[in-house]
Amino acid sequence: MTVPFNIAAKSVDEMLKAIQGTPMNERVYSERQTIFGVALGGPLGGAYCFWRTFNAIGKPKHARNAALAMIALLIVIIAAMFIPFFDNIPNGVFLFPQIGLAYGIYRSLLSDEIKTHIEAGKPVFDWGNTVAVSVLAAIITLVPLIALVFTMPDLFVSMTTKQYGTMKNEVLYDARSISDAEVDKIANALISVGFFDETAAKAVYAEKSGQRYTIAIACTEEVRDNPEMIEAHRELRDLVQQYFPSNRIVIELALDTPDNVFARLE
């Protein structure tokens, strides 16, 4: 990982040198600039700031270790995208460990030396450079992820189907948002209230958001145009709710596909 980052860092250096036209090997990033680089450019932005700053004060080993620590954090955050547990955590929460790690590294290893550096009249990167580096780091981070979303969407969706009873009633769900045990609990509730029976096979889509379970049922136009049938599904929701005292149950009625919702019962 050190070699590719070194090559990328040199490429960024050459670009910024062309823009500013001044030597950069003695310049450092201040604490505020480094935190800004992480906030806007993510761990990669922080990695570059540390790489430049530590090398400028003659500590190449620290430069490598700090950059690798930030890149390792980036890898962990990306890996978390594929772990179902993290789906229920707001994306903004992931910003705190990034800033925390950058702040810790800077305060423990750089604050005193950068203060001395500045007091000696040595150069500091300007904010234009900081913004440019941060934006470039954000682009380098996001472009591959966006490309993956469009070219390999299955990496971000894990659809699974479980069947119940001799009629093989089905629950379709995304394993990244809800566990097998929770799906079984929903299916057992549907069996107990008589929705899943042995007379006709039925299928639903289940998902979880926070403490709320949503059950989507595909219906025909006959159901959509019949208020009494919609009310019957509302009663179904009330019955299922009794099995989930700590969770909110929502039933969505959809025309043919789960995303074509015409009634939301909660």
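Treat the numbers as computed from the prediction; the structure is a model and nothing was measured.
A salt bridge does not link Glu26 with Lys122: every distance from a Lys NZ or Arg NE/NH1/NH2 to an Asp or Glu carboxylate oxygen is 4.0 Å or more. In summary, Lys59 and Glu113 engage in a salt bridge, as defined by a charged side-chain N under 4.0 Å from a carboxylate O. Note on Glu235 versus Arg237: no salt bridge recorded, every NZ/NE/NH1/NH2 to OD/OE distance being 4.0 Å or above.
Identified under the salt bridge (Lys or Arg N to Asp or Glu O under 4.0 Å) test for residues 96-108, with sequence neighbours left out: Glu31-Arg107.
Val261 has its side chain within reach of Glu252: a pair of non-hydrogen atoms, C-beta onward, lies under 4.5 Å apart. Using a 4.5 Å cut-off on side-chain heavy atoms (C-beta onward), Gln98 and Leu74 make no contact. Side-chain contact between Phe54 and Pro60: absent, with no pair of heavy atoms (C-beta onward) separated by less than 4.5 Å. Counting only heavy atoms from C-beta outward, the side chains of Tyr173 and Ile215 never approach each other to under 4.5 Å. Considering only heavy atoms from C-beta on, Tyr29 stays 4.5 Å or farther from Phe36 through its side chain. Residues Asp174 and Tyr205 meet the side-chain proximity criterion, which asks for heavy atoms closer than 4.5 Å. At least one side-chain heavy atom of Phe50 sits under 4.5 Å from a side-chain heavy atom of Thr34. A heavy-atom distance below 4.5 Å is not found between the side chains of Gln163 and Val171.
Note: Tyr103 OH to Ser111 OG = 7.5 Å, rounded to the nearest 0.5 Å. Atom CG of residue Asp238 and atom CD of residue Gln242 lie 8.0 Å apart, to the nearest 0.5 angstrom. Atom-to-atom distance recorded for Ile99:CD1 and Ile35:CD1 is 6.5 Å, nearest 0.5 angstrom. The distance from the OG1 atom of Thr214 to the CD atom of Glu266 is 8.0 Å, given to the nearest 0.5 Å. If you take CG on Leu109 and OH on Tyr106, they are separated by 11.0 Å, rounding to the nearest 0.5 Å. Interatomic distance, CZ of Arg64 versus CG of Asn55, reported as 11.0 Å (0.5 Å rounding).
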Could you go through residues 182-189 and list every donor-acceptor pair under 3.5 Å that involves a side-chain atom there, pairing it with any protein atom two or more places apart or in another chain?
| from | atom 1 | to | atom 2 | distance (Å) |
| --- | --- | --- | --- | --- |
| Glu182 | OE1 | Ser179 | N | 2.9 |
| Glu182 | OE1 | Ser179 | OG | 3.1 |
| Glu182 | OE2 | Lys208 | NZ | 2.6 |
| Glu182 | OE2 | Tyr213 | OH | 2.7 |
| Asp184 | OD1 | Lys162 | NZ | 2.8 |
| Asp184 | OD1 | Tyr164 | OH | 2.6 |
| Asp184 | OD2 | Lys162 | NZ | 3.2 |
| Asn188 | ND2 | Asp184 | O | 3.1 |

Can you give each donor-acceptor pair under 3.5 Å made by side-chain atoms of residues 134-141, sequence neighbours left out, with the distance rounded to 0.1 Å?
| from | atom 1 | to | atom 2 | distance (Å) |
| --- | --- | --- | --- | --- |
| Ser134 | OG | Thr130 | O | 2.8 |
| Thr141 | OG1 | Ala137 | O | 2.9 |

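Closest non-hydrogen pair, Leu265 versus Ile230, comes out as CD1-O, 3.8 Å. The two residues Phe125 and Arg52 come nearest to each other via the heavy atoms CE1-CB, 4.1 Å. Between Asn247 and Gln241, the shortest heavy-atom contact is O-NE2, 2.6 Å. For Lys202 against Asn169, the heavy-atom pair with the smallest separation is N-OD1, 2.8 Å. Scanning all heavy atoms of the two residues, the minimum distance from Cys219 to Leu253 falls at SG-CD2, 3.9 Å. Across Leu95 and Ala39, no two heavy atoms sit closer than the pair CD1-CA, 4.0 Å.
No more than 12 heavy atoms of other residues, nucleotides or ligands shown are found within 6.0 angstrom of CD on Glu228. Other residues, nucleotides and ligands place no more than 12 heavy atoms under 6.0 Å from the CZ atom of Arg32. More than 12 heavy-atom neighbours from other residues, nucleotides or ligands sit within 6.0 angstrom of CG on Asp225.
Between the side chain of Asn260 and the backbone N or O of Ala254, no donor-acceptor pair lies under 3.5 Å. Counting only distance, with no hydrogens or angles, the side chain of Ser30 and the backbone of Gln33 share a donor-acceptor pair below 3.5 Å. No donor-acceptor distance shorter than 3.5 angstrom exists from the side chain of His233 to the backbone of Ile217, with no hydrogens or angles considered. Not a single donor-acceptor pair under 3.5 Å links the side chain of Thr53 to the backbone N or O of Val28.
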Criterion side-chain hydrogen bond (donor to acceptor under 3.5 Å, both in side chains) on Thr166 and Glu198, from CA distance to verdict: CA-CA 7 Å; Thr166 57; Glu198 299 302 325; 2.2 Å; yes
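Side-chain heavy atoms closer than 4.5 Å link hydrophobic residues (I, L, V, M, F, W, Y) into clusters, and following such links, even through other members, never connects Val250 to Val223.
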